[in-house]
Amino acid sequence: MNKLEQARDIVLNYDYPEDELANCIAELTEWDVYFNGEYWVPLRNITPEVLAQSLVHYINLKMEYSEETIIPMGSSKFFGAPHLPKEVEWPKGHSFYAQLNFSEIKPFDPIGLLPDSGILYLFLDDKHFTCTAIYYHGPADDLALRDYPDVTNTKKNYISNPETIQPFSEFAFLSSNAYEFLEDLLAPVVEKIKNATNSQVELESSSSTKMFGDATYFQTENIIDPDDFDPTDEAYAHEGRDHFLLLEKDEGSGNIHFWVPKEDLKQRNFDNMKITYSGT
């Protein structure tokens with residue numbers, strides 16, 4: 001049983017005070033929605049099952065600006081210049097976005113699917129809004145700081161502002177508005193989850209940079225009425241159904257999402273990653 005399964009089991013089997021769930025139901029409005037593990041749907045009832053579905057686990061990434069010369073070789077970071085092995089070519093027309101060292105992040109993996117080691121490099125083609133991912137799992141001694149092959153004004157911000165990454169484990173109950181009247185009810189449940197999983201727990205996700213969990217949207221594109229949901233519609237291809245949210249980061253007035261197919265992640269294949277963006 002992984003941490004997410006363990007936490008959801010606590011939510012399902014907690015002895016809720018009599019009538020408290022019914023009292024919460026009375027507070028619902030037509031605008032309340034929750035995350036059911038795949039996409040956001042109208043919150044029409046509150047049960048232990050609904051609460052468990054709304055609980056997600058993600059790796060929160062705390063970032064801190066740093067100087068390129070003091071960042072340890074191969075460590076996880078955003079921007080700056082990558083630590084690449086000699087045999088890896090810089091993807092043409094791309095900007096370096098991030099390198100994720102899985103040996104640093106794996107201890108916080110909520111579902112046990114990340115590789116135990118290796119580095120994932122993410123490069124962006126800003127013109128076509130596509131991503132090239134390179135997974136390296138060779139010797140660390142072969143890594144070296146790689147300068148940009150060409151520098152333009154649009155790339156200077158990436159080069160001059162490296163940000164180191166500190167991962168930690170976090171849970172959140174994902175519901176819109178409902179957390180306001182669920183806070184007292186879920187307080188003892190939150191404590192049980194914290195003690196059992198050694199993780200932070202929030203009633204509402206506050207992370208703007210994370211791995212896994214649910215993507216952050218600023219419009220209503222992620223709220224779907226299940227009565228109208230069409231699983232063959234390509235618009236829903238990345239909504240937690242066929243892909244994992246490998247990485248999300250705030251960019252400009254919104255968030256950029258990096259998606260990896262579920263089956264590919266199991267095979268350590270990052271060749272088919274996609275990116276989406278939602279903003280105000």
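Predicted model only: the values in this text are computed from it and were never measured.
A tilted orientation is assigned to the rings of His257 and Tyr217, their planes being inclined by 30° to 60°. Ring geometry, His137 versus Tyr135: the interplanar angle falls from 30° to 60°, so the pair is classed tilted. Using a 30° and 60° split on the angle between ring planes, Phe270 and Phe102 fall in the parallel class, below 30°. A perpendicular orientation is assigned to the rings of Trp90 and Phe123, their planes being inclined by more than 60° (bins at 30° and 60°).
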For this session: Check step by step if side chain to side chain donor-acceptor pair (under 3.5 Å) holds for Trp259 and Asp242.
Result: CA-CA 9 Å; Trp259 303 92; Asp242 301 321; over 6 Å; no

For this session: Test Ser95 against Asp126 for side chain to side chain contact (heavy atoms under 4.5 Å, CB included), laying out the working first.
Result: CA-CA 7 Å; Ser95 299; Asp126 301 318; 3.4 Å; yes

Problem set entry | Verdict with supporting geometry, Phe173 and Phe35, ring-ring contact (aromatic ring centres under 6.0 Å, His included) | CA-CA 8 Å; Phe173 290 89; Phe35 187 66; over 10 Å; no

Problem set entry | Criterion side chain to side chain contact (heavy atoms under 4.5 Å, CB included) on Leu122 and Cys131, from CA distance to verdict | CA-CA 7 Å; Leu122 299 175; Cys131 169; 4.1 Å; yes

Exercise. Does the side chain to side chain contact (heavy atoms under 4.5 Å, CB included) test come out yes or no for Leu51 and Leu21, once each step is laid out?
Worked result: CA-CA 10 Å; Leu51 293 173; Leu21 289 179; 4.2 Å; yes

For this session: Apply salt bridge (charged side-chain N to carboxylate O under 4.0 Å, His left out) to the pair Glu263 and Lys266, showing each step before the final yes or no.
Result: CA-CA 5 Å; Glu263 291 304 314; Lys266 295 176 182 178; 3.3 Å; yes

Exercise. Given Ser176 and Trp31, is the side chain to side chain donor-acceptor pair (under 3.5 Å) satisfied, shown in steps?
Worked result: CA-CA 8 Å; Ser176 175; Trp31 300 107; over 6 Å; no

Problem set entry | side chain to side chain contact (heavy atoms under 4.5 Å, CB included) assessment of Leu246 paired with Met211 | CA-CA 5 Å; Leu246 184 68; Met211 299 178 67; 4.0 Å; yes

For this session: Give the C-alpha distance, both sets of side-chain angles, the deciding distance and a yes or no for salt bridge (charged side-chain N to carboxylate O under 4.0 Å, His left out) between Lys77 and Glu68.
Result: CA-CA 10 Å; Lys77 66 173 183 173; Glu68 193 70 76; 2.4 Å; yes

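The distance from atom CG of Leu120 to atom CD1 of Ile134, rounded to the nearest 0.5 Å, is 9.0 Å. Considering NE2 of His83 and OH of Tyr121, their distance stands at 8.0 Å, rounded to 0.5 Å. The SG atom of Cys24 sits 11.5 Å away from the CD atom of Glu183 when rounded to the nearest 0.5 Å. Between the CG atom in Asp9 and the CG atom in Asn13 there is a gap of 4.5 Å [rounded to 0.5 Å]. Annotation: the span from Leu100 atom CG to Ile165 atom CD1 amounts to 5.5 Å, rounded to 0.5 Å. One distance of note links CG of Asp125 with OG1 of Thr130; it measures 4.0 Å at 0.5 Å rounding.
No side-chain heavy atom of Glu248 sits under 4.5 Å from any side-chain heavy atom of Phe212. Looking only at side-chain heavy atoms (C-beta outward), Glu49 and Leu12 come within less than 4.5 Å of each other. Residues Phe171 and Lys3 meet the side-chain proximity criterion, which asks for heavy atoms closer than 4.5 Å. Counting heavy atoms from C-beta on, the side chains of Ile256 and Leu124 come closer than 4.5 Å. Here the side chains of Glu170 and His57 are not in contact, with every heavy-atom distance at 4.5 Å or above. Side chains of Tyr16 and Val189 form a contact here, defined as non-hydrogen atoms less than 4.5 Å apart. For the pair Phe181/Ile46, a side-chain contact is recorded, criterion being any heavy-atom separation below 4.5 Å from C-beta on. Leu145 is not listed as a side-chain neighbour of Ile71, based on a closest heavy-atom distance of 4.5 Å or more.
Residues Lys106 and Leu114 share a closest heavy-atom pair of NZ-O, 2.7 Å. Contact between Pro167 and Ile59 at its shortest, heavy atoms only, is CB-CG2, 3.7 Å. Contact between Lys210 and Leu245 at its shortest, heavy atoms only, is CE-CD2, 4.2 Å. For the residue pair Leu4 and Leu55, the shortest heavy atom distance occurs at CD1-O, 3.7 Å. Scanning both residues, Gly74 and Leu143, for their nearest heavy atoms gives CA-CD1, 3.7 Å. The nearest pair of heavy atoms linking Asn255 to Tyr277 is O-CD1, 3.2 Å.
In this structure, the side chain of Asp19 does not engage the main chain of Ala22 through any donor-acceptor pair within 3.5 Å. No side-chain donor-acceptor contact under 3.5 Å links Asp264 to the backbone of Pro261. Of the possible donor and acceptor atoms, one in the side chain of Arg146 sits under 3.5 Å from a partner among the backbone N and O of Val88. Side chain of Ser75 to main chain of Met73: no donor-acceptor pair is present (N/O by atom type, distance under 3.5 Å, no hydrogens or angles). In this structure, the side chain of Thr132 does not engage the main chain of Pro91 through any donor-acceptor pair within 3.5 Å. Distance alone, capped at 3.5 Å, is enough to place a donor-acceptor pair between the Tyr148 side chain and the Phe96 backbone.
Taken together through direct or relayed side-chain contacts under 4.5 Å among Ile, Leu, Val, Met, Phe, Trp and Tyr, Phe168 and Tyr58 form parts of separate hydrophobic clusters. Criterion: ILVMFWY side-chain heavy atoms under 4.5 Å apart, direct or through other members. Under it, Leu247 and Phe129 are part of a common hydrophobic cluster. Connection of Ile25 to Tyr14 is established within a shared hydrophobic cluster, with ILVMFWY side chains joined at heavy-atom distances below 4.5 Å, either directly or through further cluster members.
Figure legend: cation-pi geometry between Lys249 and Phe78, with NZ or CZ positioned under 6.0 Å from the six-membered ring centre and within 45° of its axis.
Using a 3.5 Å distance cut-off with no hydrogens or angles, the side chains of Thr47 and Asn45 do not pair a donor with an acceptor. A donor-acceptor pair shorter than 3.5 Å cannot be found between the side chains of Thr164 and Glu64.
Under a cut-off of 6.0 angstrom, the local environment of CD in Glu67 is sparse, with at most 12 non-hydrogen atoms contributed by other residues, nucleotides or ligands. More than 12 non-hydrogen atoms from other residues, nucleotides or ligands lie less than 6.0 angstrom from NZ of Lys194. Within a 6.0 Å radius of CG in Asn195, other residues, nucleotides and ligands contribute more than 12 heavy atoms.
Ring-centre distance between Phe79 and Tyr97: below the 6.0 Å cut-off.
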